[in-house]
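Data first, discussion second: the structure below is written as structure tokens.
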Amino acid sequence: MQPRVMFGNSELEKLFKAHEDNIMEIVEKEIRDYVNCDDLCNDEEDMFPRRCFLTGEWYLREINFEDADFLSIETAFLGTDLGYKDDYLGLDVIFSYEEDSENFRFEGVNSEAL
């Protein structure tokens, strides 16, 4: 499954590709930290997401870098809450680009039910 990729122009695409390895390392760390944080993800009855439904599998849904100030990397975790494996949790990892340091800065993670 290929992620949807959107770049505002060829310069933004080159900028992303020059930093892609580092960006993806941060994405993997942040989504792993999210699902392993008891305050954000646990097995309490009224909690979302619940770890007991997560399969441990995830994939990259979308890369959106249409604006130099905003990079969004959307991921999706599979879960079994419906009795079969399906999309369960979306985590959107947000970055901004700092021209002075020529680096991407991690801004945060947004979650959504899928």
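Everything numeric in this text was worked out from a predicted model, so none of it was measured. Computed over heavy atoms, backbone and side chain alike; hydrogens, waters and symmetry mates excluded.
- Taking the six-membered ring where the residue is Trp, the centroids of Phe48 and Tyr88 are separated by under 6.0 Å.
- With sequence neighbours left out, Tyr34 forms a side-chain hydrogen bond (donor to acceptor under 3.5 Å, both in side chains) with Ser111.
- Applying the salt bridge (charged side-chain N to carboxylate O under 4.0 Å, His left out) definition to pairs two or more places apart or across chains, those involving residues 72-99 are Glu57-Lys85, Glu98-Arg105.
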If you look only at distance, which donor and acceptor atoms sit under 3.5 Å apart when one is on a side chain in residues 23-33 and the other is two or more places apart or in another chain?
{"residue": "Lys29", "atom": "NZ", "partner": "Asp33", "partner atom": "OD2", "Å": "2.5"}

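- Listed by chain and number, the hydrophobic cluster partners of Leu82 are Tyr84, where partners are ILVMFWY side chains within reach of under 4.5 Å, directly or through others.
- Interatomic distance, Phe7 CZ to Leu15 CG, rounded to the nearest 0.5 Å: 9.5 Å.
- Among pairs with a residue in residues 3-12, those fulfilling salt bridge (charged side-chain N to carboxylate O under 4.0 Å, His left out) read Arg4-Glu62, Glu11-Lys14, at least two apart in sequence or across chains.
- The hydrophobic side chain of Met6 is isolated, with no ILVMFWY side chain under 4.5 Å apart from it.
- The distance from the CG atom of Asn64 to the CD1 atom of Ile73 is 9.0 Å, given to the nearest 0.5 Å.
- To the nearest 0.5 Å, atom CG of residue Asp67 and atom OG of residue Ser96 are 11.0 Å apart.
- Without hydrogens or angle criteria, Asp39 side chain to Cys37 main chain gives no donor-acceptor distance under 3.5 Å.
- For Thr75 (side chain) and Tyr59 (main-chain N/O), no donor-acceptor pair under 3.5 Å exists by modelled atom type.
- Using a 4.5 Å cut-off between side-chain heavy atoms of Ile, Leu, Val, Met, Phe, Trp and Tyr, with links allowed through other members, Leu114 and Leu40 fall into different hydrophobic clusters.
- When hydrophobic side chains of Ile, Leu, Val, Met, Phe, Trp and Tyr are connected at separations under 4.5 Å, Ile94 ends up clustered with Phe70.
- Within a 6.0 Å sphere centred on CG of Asn36, heavy atoms belonging to other residues, nucleotides or ligands number more than 12.
- Applying the ring pair (Phe, Tyr, Trp, His ring centres under 6.0 Å) rule to Phe104 yields the partners His19, Phe65, Tyr97; only residues at least two apart in sequence or on another chain are considered.
- In this structure, the side chains of Leu89 and Val35 come closer than 4.5 Å at one or more pairs of heavy atoms.
- Closest heavy-atom contact between Cys41 and Leu54: SG-CD1, 3.9 Å.
- Hydrophobic clustering, with ILVMFWY side chains joined whenever heavy atoms are under 4.5 angstrom apart, keeps Leu60 apart from Leu78.
- Residue pairs meeting the side-chain hydrogen bond (donor to acceptor under 3.5 Å, both in side chains) criterion with at least one member in residues 40-51, sequence neighbours excluded: Asp38-Arg51.
- Using a 4.5 Å heavy-atom threshold, the side chains of Phe95 and Asp69 count as separate.
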